[in-house]
Amino acid sequence: MPQLFQYYVEGETDAVLLRALKTDMQCIVPGKIKVFNAVEEEFTRARLMTLKHKTNVVLLFDTDTLNASILKKNMKFLSNQSMIGHVYCLPQVNNLEDELIRTCNISKIRELLSSKTDTDFKTDFCKCTTIKQALERHDFSID
Amino acid sequence: MILLEIKLDNFFSFNNFHLSLTYPKKISNSTITDEYLEDRPNFRYKKLIVLMGANATGKTTLGNALIAIFNFITKKSIDPIANCIDDTSEPSSFSMDFITHSSIKTMYRIVAQISPPTATGYREEDISLTISSTSILKTDSYERCVAKLRTINTPNSTYIEALDLIDTFGWYFSYPFSKDSFKNLTPVGKKSFRIVLETVLRALDPSIQGVRESQDIENSYIIRLNNHDLIMKNNEILNSEILSSGTRSGVDIAVMLSSIISSLYGFYYCDEKFSYIHSDMEKAILSKMIEKLGANEQLFFTTHNADILDMSLPIHSYVFLKKEIFGHENRISCVYADQYLKRNTDSLRRAVENDIFSVAPNVDDIDRL
């Protein structure tokens, strides 16, 4: 029986990317995705109530923050919860945009979706209906 | 009526929507026997479609769209489909491949293009209709028949003349809040209805002692409960508050089940009728519906009950509706479980729990509340 996974990601853009990687490209371990910034917010027991026994948690977060104290606290908290299997960390160096530049054949994030500016990228990404095609067009590699 | 494919554009909330209801390869040891057109084993269509998805993804609306198209075809009136068009300033269209119950050796395709109305309402000239058909030979598959389709209406024919070329067909839709009447049941259907009603109601509430047909009041049944008699006329139970919500919904379910047992309509759309009913009971009744579904018939079954995923049904029976928001644009699409799970041993339940199909509802806002 495959294991259960729950992703917690920083923002909607990360969630959109993970859904494309999970469903359209089937290149990551599938799991439910929730937007929760584990670097800035603390987990509560109530938030974890809906998880089934031995659910593995994956925390996706940016590393462009100066303070990791809440993240450490969250990891300790999650590790002590009976419904949690393993806790995995997926740090983005430094953030989603930098990771996409690293994994695609682009030098600026605006190139991925032909956005007008780098700051338009996130909006364009969330509106994009063809993320898989855009990633493949720019030689995206999960490795 | 067997629905094989439907495409909708600018129809309610459906834009560039496509639902396919055939499957390409024979499934060995399938729990749904003879899942193909009678005497045409290569013509494989989905007899059962378990339609799932988050709230407001279009499960009920799809049923409404189908009713409108069926009414348009049989009543030859533009009104039903005119009411479905979302943006009347834009063109709208639908396309449907189907087989009627009365003529199972013919496959039809109807393609309708509806232009924005030039006057205050839609008129005959706003709709352009193409009807194609082909004979289904003994060895034909759906795919082969699609390649053989030929237009049968003349270019100058009106849509009414064109629709005259299609045989009549029946259908039965049951919605969560609809009150389904047993008045339309045939004498044979009515005979089975009393037995089915009694069986379903007693299963839902063991304190029900029996159901009998009223001798004094037409179209009425007497439900005996704890030495009280409850009168059910048409579909209204007098003093029904002494029955549980689930028991009351058993009446509609009995109408649906009786219709299937009597092969009354051929096409059935059972939309979330089990909200008040125990999961085991829902599974048992769905199993019975499938077992009693006759040759050349089709059942749509919509539900939120994840336990239905554990039933031993072919994976291709499960279709998920997904609504995605891209800026100001909504898009509803179908996700077919068999496109992701290739082996029958793959756990559909676990796939849904891990949201492989990205169809889980977004609960982030609730979490943040």
Side-chain angles (χ1 to χ4, degrees), chain A residues 1-12 14-38 40-58 85 113 120 122-132, chain B residues 9 13-18 52-54 57 304 306-307 309-310 312 315 318-369:
Chain A
M1 178 73 82
Q3 297 179 60
L4 283 170
F5 281 86
Q6 173 72 55
Y7 289 88
Y8 290 103
V9 303
E10 273 209 18
E12 191 52 41
D14 308 271
V16 168
L17 175 65
L18 281 201
R19 276 196 284 270
L21 297 178
K22 176 182 68 171
T23 301
D24 300 336
M25 302 175 79
Q26 297 180 46
C27 60
I28 60 168
V29 175
K32 285 192 174 167
I33 300 164
K34 283 189 177 183
V35 175
F36 179 80
N37 191 338
E40 292 181 358
E41 294 175 73
E42 287 185 26
F43 277 101
T44 59
R45 284 210 171 82
R47 191 175 268 280
L48 304 175
M49 274 178 195
T50 56
L51 297 184
K52 288 201 170 179
H53 186 63
K54 292 293 169 199
T55 299
N56 298 303
V57 167
V58 183
L113 298 174
D120 287 331
K122 279 192 172 180
T123 313
D124 293 345
F125 197 74
C126 289
K127 283 183 186 173
C128 180
T129 58
T130 53
I131 288 172
K132 181 188 173 193
Chain B
D9 193 32
S13 45
F14 298 107
N15 289 298
N16 293 317
F17 175 81
H18 179 205
M52 302 181 88
T57 51
H304 286 291
D307 287 350
L309 299 166
D310 293 329
S312 299
I315 290 179
Y318 295 91
V319 179
F320 298 86
L321 289 183
K322 173 158 89 170
K323 185 193 267 184
E324 295 167 286
I325 314 285
F326 302 104
H328 297 296
E329 191 188 320
N330 293 346
R331 190 177 70 180
I332 297 175
S333 57
C334 294
V335 179
Y336 305 94
D338 60 334
Q339 280 189 354
Y340 293 84
L341 306 179
K342 299 294 181 190
R343 294 170 303 180
N344 268 338
T345 50
D346 289 341
S347 166
L348 179 60
R349 174 72 167 241
R350 188 45 61 98
V352 170
E353 284 173 344
N354 270 327
D355 197 25
I356 283 183
F357 317 119
S358 292
V359 294
N362 185 342
V363 296
D364 288 340
D365 286 342
I366 303 292
D367 284 345
R368 278 191 286 265
L369 197 65

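Below, all heavy atoms of this structure are taken into account, side chains as well, without hydrogens, waters or symmetry copies. To find a chain, count down the sequence lines: A is the first, B the second, and so on, and within it residues start at 1.
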_Which heavy atom of A/Gln26 sits nearest to which heavy atom of B/Tyr340, and what is that distance?_
NE2-CD2, 3.2 Å
*Under a 4.5 Å heavy-atom cut-off, does chain A meet the side chain of B/Val335, its backbone, both or neither?*
neither
_All side chain to side chain contact (heavy atoms under 4.5 Å, CB included) counterparts of A/Glu42, not counting sequence neighbours_ = A/Ile70, A/Lys73, A/Asn74
*Is the count of non-hydrogen atoms from other residues, nucleotides or ligands lying under 6.0 Å from A/Arg45 atom CZ greater than 12?*
no
_Among B/Asn354, B/Ile325, B/Asn362, which residue has the highest count of heavy-atom pairs closer than 4.5 Å to chain A?_
B/Asn354
*Identify which part of B/Val359 has an atom lying under 4.5 Å from any heavy atom of chain A, answering side chain, backbone, both or neither.*
neither
*Under 4.5 Å, heavy atom to heavy atom, which residues of residues 16-25 of chain A contact chain B?*
A/Arg19, A/Lys22, A/Thr23
*In chain order, what residues pass the side chain to side chain donor-acceptor pair (under 3.5 Å) check against B/Glu353, with sequence neighbours excluded?*
A/Lys52, B/Arg349, B/Arg350
*Partners of B/Asn16 by side chain to side chain contact (heavy atoms under 4.5 Å, CB included), sequence neighbours excluded?*
B/Asp9
_Reference residue A/Val35; test side chain to side chain contact (heavy atoms under 4.5 Å, CB included); the match among B/Asp364, B/Asp365, B/Asp367_ = B/Asp364
